[in-house]
Amino acid sequence: MQAVAILVAAGRGERMGAERPKAFLALRGQALLLRAALAFEAAPSVGRIVAVVPEPEIVAGRELLSSLRKLSAVVAGGERRQDSVLAGLAQVPDGFDGVVLVHDAARPLVDVELIEAVAQQAAATGAALPVLPLVDTVKRVRGGRVVETLDRAELGGAQTPQGFRFALLHEACAAARRAGLTVTDEAMAVERLGHVVHAIPGSMRNRKLTTPDDLAWAEAVVAGILRA
Ligand code: CTP
Ligand code: MG
């Protein structure tokens, strides 16, 4: 069964500091949301795409994504990222027994290979995400003082797409909600249930664009000036 991709694009993009929400900013003439969505459009394991956007951008979002054959819905997001994920999950039919892939529209350079790798691992084991090893030595700092140096070999940055069997993700999100928890990614909600989440290698290219510098980096990558 083909996967449903939920593209979360309903953030305000405050750290980007632009006029429009981040997902609608152009990267070499193409909105981040469209660029990310085209990777899922091209991924063989994906059957449907749901986009979650700020409520005032629903019409613009439908227009932007109108050329996608796999587009199934464009819906309004919520206050926190996890609320936007729930809005996307509400578009998945009850009883769907395939995989859901949740992806940040703010990672527009995701490639088809990574999407396929996550989808396959999630279908096989229930839960998977890309993790990028850290390059810096990592310190725990309290009140301006280093209290601990962590073992970098065991640490990594969580990326998206994060893939889960739908029933598992649904249960995990509902449980987090009941517990009144704020989770920063879906894997965290699934980990809480005690379910194993498999890490597959992330990629530098799949960086989340947060600040204007990140956008400039992505422009240079797409222009072929930088390799990533
Ligand atoms: N997101 C969302 N709904 C929210 C908050 C975030 O769909 N309420 C999405 C963003 O659109 C983004 C992804 O989650 O694609 C990762 O969030 P982040 O990079 O933090 O984006 P923003 O929240 O938009 O940026 P900022 O935190 O700087 O305001
Ligand atoms: Mg945010």
Side-chain angles (χ1 to χ4, degrees), residues 4-27 30-41 46 49-62 64-65 68 71-92 100-111 114-115 118 129-132 156-164 169-170 172-173 176-177 180-190 202-219 221:
V4 176
I6 297 176
L7 298 184
V8 284
R12 282 190 283 269
E14 267 160 22
R15 290 167 289 180
M16 194 60 84
E19 296 276 298
R20 287 204 70 187
K22 186 162 75 178
F24 290 83
L25 299 181
L27 172 54
Q30 199 170 46
L32 305 191
L33 172 58
L34 177 58
R35 197 173 269 276
L38 286 170
F40 287 85
E41 176 85 355
V46 174
I49 297 171
V50 174
V52 186
V53 302
E55 206 272 331
E57 302 286 349
I58 287 185
V59 172
R62 285 193 184 131
L64 179 70
L65 302 176
L68 300 191
L71 185 68
S72 121
V74 178
V75 297
E79 193 52 41
R80 300 165 302 172
R81 185 179 180 287
Q82 70 198 79
D83 303 318
S84 298
V85 171
L86 277 177
L89 279 177
Q91 297 301 311
V92 182
V100 173
L101 300 167
V102 180
H103 184 67
D104 297 330
R107 298 181 191 272
L109 301 186
V110 62
D111 53 41
L114 185 64
I115 295 169
V118 172
L129 83 165
V131 175
L132 193 66
Q159 298 188 331
T160 69
Q162 301 197 350
F164 310 92
L169 181 58
H170 195 268
C173 291
R177 185 187 212 165
L181 268 186
T182 294
V183 292
T184 48
D185 69 359
E186 294 62 59
M188 190 174 158
V190 171
S203 84
M204 290 276 279
R205 204 180 153 81
N206 187 32
R207 162 160 152 187
K208 188 170 75 157
L209 308 188
T210 304
T211 63
D213 283 350
D214 294 328
L215 194 55
W217 168 86
E219 296 265 357
V221 169

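Order of listing sets the numbers, starting from 1, for every ligand and every atom in it.
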Thr184 vs Arg81, test: side chain to side chain donor-acceptor pair (under 3.5 Å). Steps then yes/no.
CA-CA 7 Å; Thr184 48; Arg81 185 179 180 287; over 6 Å; no
Identify, for atom 10 (C) of ligand 1, the protein heavy atom at the shortest distance, and state residue, atom and that distance.
Gly11 N, 3.6 Å
Just by modelled atom types, is the Ser203 backbone N or O under 3.5 Å from a matching donor or acceptor in the Gln159 side chain?
yes
Any donor-acceptor N/O pair, Gln82 side chain to Val183 backbone, under 3.5 Å
yes
With heavy atoms of Arg80 as the reference, note each atom of ligand 1 found under 4.0 Å away.
4 (C), 8 (N)
Return yes if some donor-acceptor pair links the side-chain N/O of Glu55 with the main-chain N/O of Ala76 below 3.5 Å, else return no.
no
Ligand-side contact atoms (ligand 1) for residue partner Ser84, heavy atom cut-off under 4.0 Å:
2 (C), 3 (N), 4 (C), 7 (O), 8 (N)
I want to confirm something. Looking only at heavy atoms, which of Gly88, Gly13, Ala10, Ala76 is nearest to atom 22 (P) of ligand 1?
Gly13
Tell me whether ligand 1 is touched by Ala9 - counting only heavy atoms on the residue side and a distance under 4.0 Å.
yes
Stepwise, does the salt bridge (Lys or Arg N to Asp or Glu O under 4.0 Å) test hold for Asp214 with Arg207?
CA-CA 8 Å; Asp214 294 328; Arg207 162 160 152 187; 2.9 Å; yes
of all protein heavy atoms, closest to atom 21 (O) of ligand 1 is Lys22 NZ, 3.2 Å
If the cut-off is 4.0 Å to any non-hydrogen atom of Ala105, which atoms of ligand 1 fall inside it?
15 (O)
Note: ligand 1 atoms sitting under 4.0 Å from heavy atoms of Arg12 are 24 (O)
Side-chain (Asn206) to main-chain (Thr160) donor-acceptor, under 3.5 angstrom:
yes
Note the single closest protein heavy atom to atom 29 (O) of ligand 1, along with its residue, its atom name and the distance in Å.
Glu14 N, 2.7 Å
Just need the protein heavy atom nearest to atom 17 (O) of ligand 1, so name the residue and atom and give the distance.
Lys208 NZ, 4.1 Å
In terms of residue, atom name and distance, what is the protein heavy atom nearest to atom 20 (O) of ligand 1?
Arg15 NH2, 3.0 Å
With a 4.0 Å cut-off, would you call Glu57 and Arg62 a salt bridge?
no
So, does Ala23 sit close enough to ligand 1 that a heavy atom of it is under 4.0 Å from the ligand?
no
Side chain of Asp104, backbone of Arg107: donor and acceptor closer than 3.5 Å?
no
I need the atoms of ligand 1 closer than 4.0 Å to a non-hydrogen atom of Asp104, numbered in the order shown.
13 (C), 14 (O), 15 (O), 16 (C)
Nearest-neighbour protein heavy atom for atom 12 (C) of ligand 1, which is reported as residue plus atom name and distance:
Val8 O, 3.8 Å
Taking only non-hydrogen atoms of Glu79 and a 4.0 Å limit, the atoms of ligand 1 in range are 8 (N)
Backbone of Gly17 reached by a side-chain donor or acceptor of Lys22 within 3.5 Å:
no
Check each of Ala36, Gly78, Pro108 against atom 8 (N) of ligand 1 and report the one with the nearest heavy atom.
Gly78
Please check if the side chain of Ser84 supplies one atom and the backbone of Gly78 the other of a donor-acceptor pair under 3.5 Å.
yes
